[in-house]
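Note sheet for the following structure.
Position 1 is the first residue of the sequence; numbering continues from there. Owing to the predicted nature of the structure, the values given are computational and were not obtained by experimental measurement.
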Amino acid sequence: MLSAAILLTSSLNVAAEMKLGYVNPERVYTETQAARRIEARLQQEFRAQQQALTKLQQEGIDLRTKIAQSQNANERKRLEAQLEEKAQQYRVASARLSEEFSLVRNEEFAALQNNANTIIKDIAEKEKYDLIVQEAVFVTRKYDITDRVIKLLDEIK
């Protein structure tokens, strides 16, 4: 029993001497200038594809209106076939856009994460941190170094 108390006391002393830090990755991905530039660049890069998708969607809506107003059964069948074709085109274009957007976005944010990790490692080495984590259920403000990481990331152009 005495040895357990000594072990517990020594563990607490070691923990008290450790320098800990925490970085909120969600804030790094949303609050840095680099993240904002990435999002703006992606919106610009994929604008034409998004507009084409919106146009297909509107064409489908217009076809539905024509189908509802059509009195002729043959005309209605022809319009329904067109609507099915537009719906298929929309599904393909939407899936392609989503896949391409996600791929490019993931690549861009992976580079941002690499820069953040480099900065975090530099802070850890220079300031002699024992542990810096990026995922936690709860962290007191005292350990949060996210603002510093964001500031240093924003200094990179």
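- Grouping Ile, Leu, Val, Met, Phe, Trp and Tyr residues whose side-chain heavy atoms lie under 4.5 Å apart, directly or via other members, places Leu63 in a hydrophobic cluster with Ile67, Leu79, Leu83.
- Listed by chain and residue number, Glu75 satisfy the salt bridge (Lys or Arg N to Asp or Glu O under 4.0 Å) test with Arg78 (two or more places apart in sequence, or in another chain).
- Taking Lys77 as the reference, nothing meets the salt bridge (Lys or Arg N to Asp or Glu O under 4.0 Å) condition, with sequence neighbours excluded.
- What you find for Asn72 and Asn74 is that their closest heavy atoms are OD1-N, 2.8 Å.
- The shortest non-hydrogen separation linking Asp154 to Ala34 is OD1-N, 4.2 Å.
- In this structure, Tyr22 has no ring pair (Phe, Tyr, Trp, His ring centres under 6.0 Å) partners at least two apart in sequence or on a different chain.
- Within the 3.5 Å criterion, the main-chain N or O of Thr146 finds no donor-acceptor partner in the side chain of Arg27.
- Linking Ile, Leu, Val, Met, Phe, Trp and Tyr whenever their side-chain heavy atoms come within less than 4.5 Å leaves Leu56 and Val92 in two separate clusters.
- Not a single salt bridge (Lys or Arg N to Asp or Glu O under 4.0 Å) links Arg76 to another residue, sequence neighbours left out.
- Atoms CG and CD, from Leu153 and Glu31 in turn, are 11.5 Å apart once rounded to the nearest 0.5 Å.
- Here the CD1-CD1 distance, from Ile145 to Ile123, works out to 4.5 Å after rounding to the nearest 0.5 Å.
- Residues that satisfy the side chain to side chain donor-acceptor pair (under 3.5 Å) test with Gln58, not counting sequence neighbours, are Asp62.
- Applying the side-chain hydrogen bond (donor to acceptor under 3.5 Å, both in side chains) definition to pairs two or more places apart or across chains, those involving residues 91-104 are Gln49-Glu100, Glu84-Arg91, Gln88-Arg91.
- By the 4.5 Å heavy-atom criterion applied to side chains, Arg41 and Glu108 are counted as neighbours.
- Here Phe138 is tied to no hydrophobic group at all, with no ILVMFWY side chain closer than 4.5 Å.
- A search for side chain to side chain donor-acceptor pair (under 3.5 Å) contacts involving Arg141 returns Asp144, Asp147, not counting sequence neighbours.
- A heavy-atom distance below 4.5 Å is not found between the side chains of Leu20 and Val139.
- Here the straight-line distance linking atom CD of Glu135 with atom CG of Asn24 works out to 8.5 Å at 0.5 Å rounding.
- With 3.5 Å as the limit, one finds a donor-acceptor pair spanning the side chains of Tyr29 and Gln113.
- Among residues two or more places apart in sequence or in another chain, the side chain to side chain donor-acceptor pair (under 3.5 Å) test is passed with Glu155 by Lys151.
- Heavy atoms of other residues, nucleotides or ligands lying less than 6.0 angstrom from CZ of Arg64 number 12 at most.
- Under the 6.0 Å distance and 45° angle rule, Arg105 counts as a cation-pi partner of Phe109.
- With rounding to the nearest 0.5 Å, the separation of OG1 in Thr30 from CZ in Arg36 is 7.5 Å.
- Remark: Ile156 CD1 to Leu112 CG distance equals 8.5 Å, nearest 0.5 Å.
- Of the residues Gln50, Glu45, Gln44, the one that meets the side-chain hydrogen bond (donor to acceptor under 3.5 Å, both in side chains) test with Arg47 is Gln44.
- Evaluation of the ring pair (Phe, Tyr, Trp, His ring centres under 6.0 Å) test over residues 42-74, restricted to residues two or more places apart or in two chains, returns Phe46-Phe101.
- Between Gln134 and Asn117 there is a side-chain heavy-atom pair separated by less than 4.5 Å.
- Sorted by first and then second residue, the side-chain hydrogen bond (donor to acceptor under 3.5 Å, both in side chains) pairs with a member in residues 122-133 read Glu127-Arg148; sequence neighbours excluded.
- Residues Val104 and Leu42 form a side-chain contact, since some pair of their non-hydrogen atoms from C-beta on lies under 4.5 Å apart.
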